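Everything below concerns the one structure shown next.
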Amino acid sequence: MITSYEEAINWIHGRLRLGVKPGLSRMEWMMERLGNPEEKIKAVHIGGTNGKGSTVTFLRNILQASGKTVGTFTSPYFEVFNERIAVNGEPVSDEEWFSLTQDIKRLADELEETELGGPTEFEVITAMMFHYFGNIRAVDFVLIEVGLGGRLDSTNIVVPLCTCITSIGLDHTAILGDTYEEIAFEKAGIIKESVPLIYCVKHAGAKQVIKETAESKHAAAYEVGVDPVVTPLDHGGHGESFLYQDSIQLTTRMNGLHQIENAAIAIKAAELVSGTDLSNEAIQKGVMDAYWPGRMETLSTRPLVIMDGAHNPEGIESLIATVKRKYNDKKVHLLFAAVSDKDTTGMIQQLDKLADEISFTTFDFPRAAKAEVLYEKSTHLNKRIVTADRWISEMKTKEDHLYLLTGSLYFLSSVYHEIKKIQTSEN
């Protein structure tokens, strides 16, 4: 018996003991007993290696600016667990989470006794999301972020209005495959029959897999850079400016050329689901308003402190490109922490070349890599092991220095409030 919100969240987190169990059978079982709520929503399904969360926030803000009510399902959470399910950016309340947990726990207990076995943490949360938006809180659109891969991800029971694939990179290789093509095959599993697709995939082999899958599913495919066309413009300071389809000039507060691509995916998706209801003004406002914590986020300007959840080699590559393009005149003090099942060697090799000083730490998380292990993988002449608190306390007010935190989003989340105190003290 669960009697409080705290007990509900503890029960949900307790499902982590079941690990990852790819497949849709448990979700289909639960959805049938809930009256198939996934069939009652108007969804956009967003997959990819990097950029999913940013694309969700661009699309949500664009649709909101056009007067729509928008539900979102994202992971992981950054500040509070309730962020996972939100309406117009506002997390579902503690009371609603408590009620959802009671509804789904009954099903989970029953499912546990079948040959299918009990649902995982992510399956439980996904079921809550579909139940909430399909049976409890009606909204105009639901933006659903894929959890892992795509083909066998628990979100893949939905048939959306359109599908987005943001990128393909070498992440979760133990589950999804060792090559770009194998991972693209898993990501392409969210493409549905005759449902339009927007994608931004750079690797030639992965792109071919995406295109062939779309063709086999008779899905109209829109490739960022071809249709829609995006042209970056010079933009001093934080954020980016660009032309969309050579007709609309847009500015975002989010740093990095990759964010222009994420915005383009979102704009095209908004056009597909909104039709003539979408104005240029709504697009401009939505792109400008979009904010996603921990993604090239400037937390302080004096000292200059930026955190970015680059948690795989492709993410690190984008981070480095942005730092060199915007902050090439600054000395970089870098703090890195990661989970142990990532390609930490590949990430550290890149970061060694960027940093003037590189520090390694760990954090309270079951899969967190030990700082000593990360330290040994670095060849930097100016490297060290330090606690996050110590590193934060050492930051000095120097205009020619950049203090950069990167790695696991779980790590960034754990130090976010401590770093934000710097920003608060400025005001």
Side-chain angles (χ1 to χ4, degrees), residues 1-34 37-38 53 72-86 91-136 144-149 152-157 172 174-175 309 311 337-342 362-370 408-417:
M1 173 74 72
I2 292 175
T3 60
S4 68
Y5 166 79
E6 290 74 18
E7 289 181 5
I9 299 305
N10 288 336
W11 177 79
I12 292 170
H13 289 329
R15 312 302 298 181
L16 283 169
R17 62 183 166 78
L18 298 176
V20 177
K21 296 162 64 174
L24 304 180
S25 55
R26 288 173 298 279
M27 285 300 303
E28 291 167 345
W29 188 95
M30 288 189 287
M31 290 301 100
E32 181 180 352
R33 280 154 182 77
L34 290 167
E38 79 282 4
T72 53
F73 179 61
T74 57
S75 61
Y77 69 90
F78 200 77
E79 294 189 70
V80 294
F81 176 82
N82 296 26
E83 296 169 18
R84 302 289 296 270
I85 303 174
V92 165
S93 69
D94 292 358
E95 293 75 16
E96 288 171 309
W97 272 106
F98 174 57
S99 178
L100 288 170
T101 303
Q102 289 181 311
D103 290 344
I104 301 304
K105 185 180 184 301
R106 286 191 287 268
L107 294 179
D109 290 344
E110 186 179 347
L111 187 53
E112 196 100 44
E113 301 302 318
T114 73
E115 61 182 13
L116 296 175
T120 66
E121 184 205 38
F122 190 72
E123 288 173 331
V124 160
I125 299 170
T126 306
M128 291 176 181
M129 177 271 297
F130 282 125
H131 179 41
Y132 183 69
F133 290 122
N135 294 332
I136 299 171
I144 300 173
E145 181 182 329
V146 171
L148 175 63
L152 299 177
D153 186 75
S154 60
T155 63
N156 203 29
I157 58 171
H172 300 293
I175 298 172
H311 55 272
V339 293
S340 56
D341 56 359
K342 297 288 185 176
T362 190
F363 57 107
D364 185 16
F365 188 71
R367 293 185 287 119
K370 294 183 181 300
S408 169
L409 282 166
Y410 296 106
F411 163 60
L412 298 188
S413 175
S414 72
V415 299
Y416 187 71
H417 292 289

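Everything quoted here is computed from the prediction, not taken from an experiment. The basis for the numbers below is simple: all heavy atoms, side chains too, and nothing from hydrogens, waters or symmetry mates. Position 1 is the first residue of the sequence, and the numbers go up from there.
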Worksheet entry | Worked verdict on N82 versus Y77 for side chain to side chain contact (heavy atoms under 4.5 Å, CB included) | CA-CA 8 Å; N82 296 26; Y77 69 90; over 6 Å; no

Item to complete: Under the side chain to side chain contact (heavy atoms under 4.5 Å, CB included) rule, what do V20 and F122 come out as? Steps first, then yes or no, please.
Response: CA-CA 8 Å; V20 177; F122 190 72; over 6 Å; no

So, [X] side chain and [Y] main chain: donor-acceptor pair closer than 3.5 Å or not?
{"X": "E83", "Y": "V80", "answer": "yes"}
{"X": "E123", "Y": "S154", "answer": "no"}
{"X": "R15", "Y": "W11", "answer": "no"}
{"X": "S99", "Y": "E96", "answer": "no"}
{"X": "K21", "Y": "G118", "answer": "yes"}
{"X": "S413", "Y": "L409", "answer": "no"}
{"X": "N10", "Y": "E6", "answer": "yes"}

Sub-4.5 Å side-chain heavy-atom contact between [X] and [Y]:
{"X": "K370", "Y": "T362", "value": "no"}
{"X": "L107", "Y": "W29", "value": "yes"}
{"X": "W97", "Y": "M128", "value": "yes"}
{"X": "N156", "Y": "V146", "value": "no"}
{"X": "F363", "Y": "V415", "value": "no"}

Non-hydrogen atoms of [X] and [Y] that approach each other most closely:
{"X": "T74", "Y": "R84", "value": "O-NE, 2.8 Å"}
{"X": "T120", "Y": "G19", "value": "CG2-O, 3.3 Å"}
{"X": "F130", "Y": "T155", "value": "CZ-O, 4.0 Å"}
{"X": "I12", "Y": "E121", "value": "O-CG, 3.3 Å"}
{"X": "I157", "Y": "E38", "value": "O-CG, 4.0 Å"}
{"X": "F73", "Y": "I85", "value": "CD1-CG1, 4.0 Å"}

How many angstroms lie between [atom1] in [X] and [atom2] in [Y], if you round to the nearest 0.5 Å?
{"X": "L34", "Y": "M31", "atom1": "CG", "atom2": "CE", "result": "5.0 Å"}
{"X": "E95", "Y": "S4", "atom1": "CD", "atom2": "OG", "result": "11.5 Å"}
{"X": "I125", "Y": "H13", "atom1": "CD1", "atom2": "NE2", "result": "7.5 Å"}
{"X": "L111", "Y": "M27", "atom1": "CG", "atom2": "CE", "result": "10.5 Å"}
{"X": "L100", "Y": "M129", "atom1": "CG", "atom2": "CE", "result": "11.5 Å"}

Practice prompt. Kindly determine whether I144 and F133 satisfy side chain to side chain contact (heavy atoms under 4.5 Å, CB included), including the steps that lead there.
Written response: CA-CA 11 Å; I144 300 173; F133 290 122; over 6 Å; no

Practice prompt. Look at the rings of F365 and Y410 and say which category their plane angle falls in: under 30° parallel, 30 to 60° tilted, over 60° perpendicular.
Written response: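 Ring orientation, 0 to 90° scale: parallel.
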
Worksheet item: What salt bridge (Lys or Arg N to Asp or Glu O under 4.0 Å) pairs are there with at least one residue in residues 98-108, not counting sequence neighbours?
Response: D103-R106, K105-D109

